[in-house]
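Report on one structure; see the data block that follows.
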2 protein chains.
Amino acid sequence: MGKQTGWQSVHDEALRRIQQRIWAPGALIPNEEDLAAELGCARATVNRALRELADAGLLERRRKAGTRVTETPERRARFSIPLIRDEIESRGATATYALIARTIAPMPDAQRHILGLTSPEKSLHVQALHLSNGAPFVYENRWVNLAAVPALEQADLTTISANEWLLRHAPLDRGTFDYAASAADPATAGHLGCAPNTAIMTLERTTHSPTAPITWVRLSYAPGYRLHMDI
Amino acid sequence: MGKQTGWQSVHDEALRRIQQRIWAPGALIPNEEDLAAELGCARATVNRALRELADAGLLERRRKAGTRVTETPERRARFSIPLIRDEIESRGATATYALIARTIAPMPDAQRHILGLTSPEKSLHVQALHLSNGAPFVYENRWVNLAAVPALEQADLTTISANEWLLRHAPLDRGTFDYAASAADPATAGHLGCAPNTAIMTLERTTHSPTAPITWVRLSYAPGYRLHMDI
DNA sequence: CAGTGGTCTAGACCACGGG
DNA sequence: CCGTGGTCTAGACCACTGG
């Protein structure tokens, strides 16, 4: 018999019933106690399995109302944001990094407002290029709120990218990502070694520590970049 | 006292220790039994809390080796793929839909290979436009493997988009997403009402049922589209 | 081998919220 | 009210793997 007890088995069995429409979309499924009895395991085991399916968006659970199969499952991709260096190396290429400019200046209004800073804080402006096998991969244009991470001012950004320094030293908490397609402006095109107005992917990111905004950054990817996700 | 027992509290306390570097990056943290004793709860409760943190990428757990704080936490965004209609309506706009063309034809080689189909299956080619407040929002170019979802041939795609029909009727299982920036070709630009060669975001998606490939689709978003994620 | 996390269990109590 | 999921507990056994 293929009867393995274990929450994974319960998970798989429930998934099978959902996919094969044995439990129809929108329908109520048996409660945990009944399922536990049917499948020969403890209720906690069923709970664990069904909780995973609910996390994945396939089930909707409510006290007293019971558990239903989601009518139109909202697919969720889990998308991990790697270090740029890892992103390059995971494609089998060699990653290098070049600092273009590093200045201390008040943060421009645009970035300030996005980060929710009220006064023009002292900040660090970093421009850098990440290369894959020596070819430009992504151009980084970053403003960092130095009040949130004063130690960054002492960091040697010619050897470690601000990207990595922040990941390693800043207690980040939440943030936003915005991918968009845009035409490369002349300066960016120059850095990336492509023609102006080439269609490129940009990523604008903000990150916040639990207590203060940390950084705004725009990454401009070289033409041909693809953002890949599996479901 | 703020002493709430509960896995959420354990989770928050552990998170605090990570963020405040009480548990340094890369360092070993106490084992579950000790933590349970310290925090006055059962080991299973600690396990639940630490498992969540490990799922979030903040901890790395290995039997016998114990639990470590991740050195460079890989941030993970959870990205939910809405129906196009929901995506439009969630921005407060009115969604409409227009079928441009619907034909039965053998699937082209390019799509066939991507989906892993060996013979040129009978397939449905759908071109459609999704509009937001009457303005083009995204152009959809889709090939569906009719062998996997024969019922689609009878569906009235002038009233319901293939997108929605498939979500509702096809038992999808896994798939891939590829976002890229590209220059609008003349035909696409015509559909979207923008100039040719405008930089636009495209999404190429494949979906598979547990048993067979279902569909390949390219969505071409109107200029200005942003893919937004929160962390 | 032995320490650690992974999981199961049976039972219990609680919180939510539908009817 | 009271059924249902959410969680906690104490104890147990197991699986993996470092030393």
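Just so it is clear, the values below take in all heavy atoms, side chains as well, and ignore hydrogens, waters and symmetry mates. Chain identifiers are assigned alphabetically (A, B, ...) following the order of the sequence lines, protein sequences preceding nucleic acid strands; residue numbering begins at 1 within each chain.
- Classification of the B:W7-B:H11 ring pair by plane angle, with boundaries at 30° and 60°, yields perpendicular.
- Rounding to whole angstrom units, CG of residue B:D55 and P of C:dG5 are separated by 15 Å.
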Can you tabulate the close N/O pairs, meaning under 3.5 Å, that link protein atoms to atoms of nucleotides 11-15 of chain D?
residue: D:dA12; atom: N6; partner: B:R43; partner atom: NH2; Å: 3.0
residue: D:dA15; atom: N3; partner: B:R63; partner atom: NE; Å: 3.1

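- For the pair A:E33 CD and D:dC2 P, the computed distance is 17 Å after rounding to whole Å.
- One interatomic measurement links the two molecules: CZ of B:R48 to C1' of C:dC8, which rounds to 16 Å at whole-angstrom precision.
- Toward the 5' end of DNA chain C, the nearer of the two residues B:A65 and A:A65, judged by each one's closest nucleotide, is B:A65.
- Within the 3.5 Å criterion, the main-chain N or O of B:T96 finds no donor-acceptor partner in the side chain of B:R85.
- A donor-acceptor contact shorter than 3.5 Å is absent between the side chain of B:N145 and the backbone of B:I214.
- In this structure, A:E52 atom CD and D:dG5 atom P are separated by 17 Å, rounded to whole Å.
- Atoms NZ (B:K64) and C1' (C:dG6) sit 16 Å apart, rounded to a whole Å.
- The 12-atom threshold is exceeded at CD of A:Q8, counting heavy atoms of other residues, nucleotides or ligands nearer than 6.0 Å.
- Counting to the nearest Å, the P atom of D:dG6 and the CD atom of A:E60 are 13 Å from each other.
- Few gaps surround CZ on A:R21; more than 12 heavy atoms of other groups in view lie less than 6.0 Å from it.
- A salt bridge is absent between A:R142 and A:E204: the closest approach of a Lys/Arg side-chain nitrogen to an acidic carboxylate oxygen does not fall below 4.0 angstrom.
- Each of B:V69, B:L50, B:L15 was checked for a side-chain contact (heavy atoms from CB on, under 4.5 Å) with B:L58, and the lone residue meeting it is B:L15.
- Distance from the side chain of B:C41 is smallest to D:dT9 among D:dT7, C:dA10, D:dT9.
- Of the side-chain N and O atoms in A:T45, none sit less than 4.0 angstrom from OP1 or OP2 of C:dT7.
- For the contact set between residues 24-32 of chain A and DNA chain D, defined by any heavy atom under 4.0 Å, the members are A:N31, A:E32.
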N/O donor to acceptor pairs below 3.5 angstrom from side-chain atoms of residues 41-49 of chain A, sequence neighbours left out:
residue: A:R43; atom: NH1; partner: A:E32; partner atom: OE1; Å: 2.7
residue: A:N47; atom: ND2; partner: A:E32; partner atom: OE2; Å: 2.8
residue: A:R48; atom: NE; partner: A:E52; partner atom: OE2; Å: 3.3

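- Note: CG (B:N47) to C1' (C:dT4) measures 11 Å, nearest angstrom.
- B:F137 and B:Y225 have perpendicular rings, their planes meeting at more than 60° on a 0 to 90° scale where under 30° would count as parallel.
- Between D:dG5 and A:T67, a contact under 4.0 Å exists linking OP1 or OP2 to a side-chain N or O.
- Whole-Å rounding puts the A:R61 CZ to D:dT7 P distance at 10 Å.
- Taking every side-chain heavy atom of A:R51 into account, D:dT7 is the closest of C:dT9, D:dT9, D:dT7.
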